[in-house]
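Every heavy atom of this structure was used, including side-chain atoms; hydrogens, water molecules and symmetry mates were not. Remember, predicted model here, so these are calculated numbers, not experimental data.
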Number of protein chains: 2
Amino acid sequence: MPRVGLTPDQVVDHALALIDDQGTEALTLASVAARAGVATPSLYKHVSGGLTELRRLIAVRVTEELADRLAEAAVGRSGDDAVTALLRAYQAYATAHPHRYAALPQAPQPDEDLTKAATRLVGVIIAVLRGYGLDGPEVIHAARTVRSLAHGFAALSITGAFQLTEDLTTTHNRLITTLITGLHSWPKSEEQ
Amino acid sequence: MPRVGLTPDQVVDHALALIDDQGTEALTLASVAARAGVATPSLYKHVSGGLTELRRLIAVRVTEELADRLAEAAVGRSGDDAVTALLRAYQAYATAHPHRYAALPQAPQPDEDLTKAATRLVGVIIAVLRGYGLDGPEVIHAARTVRSLAHGFAALSITGAFQLTEDLTTTHNRLITTLITGLHSWPKSEEQ
DNA sequence: GGCTAAGGCTATTAGCCGTAGCTTTATGGC
DNA sequence: GCCATAAAGCTACGGCTAATAGCCTTAGCC
């Protein structure tokens, strides 16, 4: 009965700690409650939507963290240097917190908060891409390409889909070079 | 008691039908059993590892299907044409069976069967990349880049992560162009 | 000092996986 | 043609989960 003084943010903290330790499979309200020192149903006082909402909050938090890392990496850089830093930071985050990153797609369906966080993340990418003279629809296509590469490599490397022994860092460098080359010859929007 | 005459393959068939209809979340032994016209525990006669093994079998099947599509797409083509066909086929499969594709990463951990199927899939990609004069470690790096792009775009587009209204097909075309450009200037392995 | 609201709790329901053990069917050998 | 045996089904059960209902206690404010 001693009141623990939980907040939704703290519940997410505990959930993230649990995910980091044991993976997304192990995310249950029961174990989160145990970590928080509280009975399972008590969590509903803070996360009224139960497990579904908790997963949503986790996705929002992780997206925000990732956007932060990308923003930090991009600040003070431009052009190829910025793109390289962006992709390195993305992969570094995914590697440092693989389970956390894997929790990203577990979000129910995009809602307002998640969209906002994702928009900020995309905003960082777009800002960097403007350094290549891209705007209009083309900057969107380019940003999607950047995300595809970053996410694809992160997801596959994390899940161990790359079986062979070749160095992953080299692959990542090649991938960055390919992207940068593509960005230099990207079509320009015609309008304006 | 009338014997249904189930086989492991048929159990996977039912599971895939269920996933196609209702998504991976809805994959439970109970519902698979219901579809198969059998009581839940009876499934263990065919899939002794329970839900975990069922997920593994699903991943193997889907990987094989995907490898088939890629192989079909690549046959009779080479160079840029083959790469384009490969990526289009990949995305077409993911779009046609989004839930099935989403079931791919749900595999427990790579085992022999899954590795075999994945090796065949990668083999198709590598065969195409040899058309660019790549070999040794570099063809591996290039194949990983191809997979990253294909998977990243598929995963993000399927989960609705691309919010804006710009045409996804155009994005995909840009992405293919970027990849092809990169492949043309790919470093050659020095050995041999 | 007492009221209100928030944050805990226990108890319960429903659904799931997985195991144990029984029964029936199909098949192959004699 | 019959019987033994293995395969394939079943029911029953235990243990886990999420989620709801309803109660109690604490904290804080008027």
Rounded to the nearest Å, what distance is computed from the [atom1] atom of residue [X] to the [atom2] atom of nucleotide [N]?
X	N	atom1	atom2	answer
B:Lys45	C:dT19	NZ	P	12 Å
B:Leu43	C:dC16	CG	C1'	13 Å
B:Glu53	C:dT19	CD	P	12 Å
B:Arg55	C:dG18	CZ	C1'	14 Å

Between B:Thr145 and B:Ser148, a side-chain donor and acceptor under 3.5 Å: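 No, B:Ser148 and B:Thr145 have no side-chain donor paired with an acceptor closer than 3.5 Å.
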
NZ/NE/NH1/NH2 to OD/OE distance under 4.0 Å, [X] and [Y]:
X	Y	answer
B:Asp135	B:Arg130	no
B:Arg35	B:Asp21	yes
B:Arg56	B:Asp111	yes

D:dC10 phosphate, OP1 or OP2, under 4.0 Å from B:Ser42 side-chain N/O: yes

N or O in side chain of B:His46 less than 4.0 angstrom from D:dA7 OP1/OP2: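 No.
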
Every protein N/O within reach of nucleotides 18-20 of chain D N/O, cut-off under 3.5 Å:
from: D:dA18; atom 1: OP1; to: A:Leu29; atom 2: N; distance (Å): 2.5
from: D:dA18; atom 1: OP2; to: A:Ala30; atom 2: N; distance (Å): 3.2
from: D:dA19; atom 1: OP2; to: A:Tyr44; atom 2: OH; distance (Å): 2.9
from: D:dA19; atom 1: OP2; to: A:Leu51; atom 2: N; distance (Å): 2.9
from: D:dA19; atom 1: O5'; to: A:Tyr44; atom 2: OH; distance (Å): 3.0

For A:Glu64, side-chain hydrogen bond (donor to acceptor under 3.5 Å, both in side chains) partners two or more places apart: none

Using a 3.5 Å cut-off and no angle test, enumerate the donor-acceptor pairs between side-chain atoms of residues 154-164 of chain A and protein atoms at least two apart in sequence or in another chain.
from: A:Ser157; atom 1: OG; to: A:Gln91; atom 2: NE2; distance (Å): 3.1
from: A:Ser157; atom 1: OG; to: A:Phe153; atom 2: O; distance (Å): 2.8
from: A:Ser157; atom 1: OG; to: A:Ala154; atom 2: O; distance (Å): 3.1
from: A:Thr159; atom 1: OG1; to: A:Ala155; atom 2: O; distance (Å): 2.9
from: A:Thr159; atom 1: OG1; to: A:Leu156; atom 2: O; distance (Å): 3.3

